[in-house]
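Computation of the quantities below employed the complete heavy-atom set of this structure, encompassing side-chain atoms and omitting hydrogens, waters and symmetry-equivalent molecules.
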Amino acid sequence: MPETEISAGGIVYWREAGELRIQLIRDRYGRISYAKGKREPGETVEQTALREIKEETGVNGRIKELIDIIAYTYRHPAYGAVNKEVHYYLVEYQSGELKPQLEEIRSVDWYSPAEALEKQMKFGYDNNDFILEKALVMLGVQL
């Protein structure tokens with residue numbers, strides 16, 4: 001029976017004076033992504049998402065709703081096949097200043113929806129494209 005691993009994170013956004021900004025990270029491999037990480041014992045998936053966002057980017061957020069779940073299988077050297085689920089939430093920025101957790105990620109910044117989508121399409125992981133697209137639609141952005 002394959003191991004199961006649950007991770008969670010989200011697309012963090014804020015609006016100020018009618019301007020929408022989207023948070024993106026550059027991961028340790030130099031790829032565009034979203035803050036996320038593994039669930040710890042005793043945590044809900046939602047708690048995991050908010051903790052990982054805070055740890056990796058320095059900001060606090062409030063979950064608005066689930067965007068989607070990506071599920072795939074990968075091969076772990078010790079455990080063999082691992083079924084992985086990544087739960088992505090739409091997360092509204094609440095407080096804090098951007099500060100990348102350099103042990104985990106290279107950088108974090110805010111982008112306009114168009115900039116975020118362009119960066120994701122050029123430098124992101126293919127299986128994350130639809131997560132950002134879906135989040136932007138949920139936020140009322142015309143694609």
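Residue P113 comes nearest to L136 through the heavy atom pair CB-CD2, 3.9 Å, listed as atom of the first residue, atom of the second, then distance. Closest of all the heavy-atom pairs between L50 and R62 is CD2-N, 4.3 Å. Considering every non-hydrogen atom in both Q120 and D129, the closest pair reads NE2-OD1, 2.8 Å.
Checking side-chain atoms of R31 against main-chain N and O of G124 turns up a donor-acceptor pair under 3.5 Å.
Every residue meeting the salt bridge (Lys or Arg N to Asp or Glu O under 4.0 Å) condition with K84, not counting sequence neighbours, appears here in chain and number order: E5. Y88 meets the ring-ring contact (aromatic ring centres under 6.0 Å, His included) test with Y34; sequence neighbours excluded. The side chain to side chain contact (heavy atoms under 4.5 Å, CB included) check on F130 picks up D68, I70, E133, with sequence neighbours excluded. Taking Y79 as the reference, H76 meet the ring-ring contact (aromatic ring centres under 6.0 Å, His included) condition, with sequence neighbours excluded. Looking at residues two or more places apart in sequence or on another chain, you find a salt bridge (Lys or Arg N to Asp or Glu O under 4.0 Å) between R51 and E40, E43, E55.
With hydrogens and angles left out, the side-chain atoms of E3 and N83 include no donor and acceptor closer than 3.5 Å.
Ring geometry for H87 against Y89 counts as parallel: the plane angle stays under 30°, on a 0 to 90° scale with 60° as the upper cut.
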Got a list of side-chain donor-acceptor pairs under 3.5 Å for residues 9-19, not counting sequence neighbours?
| residue | atom | partner | partner atom | Å |
| --- | --- | --- | --- | --- |
| R15 | NH2 | L139 | O | 2.9 |
| E19 | OE2 | R21 | NH1 | 3.4 |

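Electrostatic pairing of K36 and E52 does not count as a salt bridge here, judged by no charged N lying under 4.0 Å from a carboxylate O.
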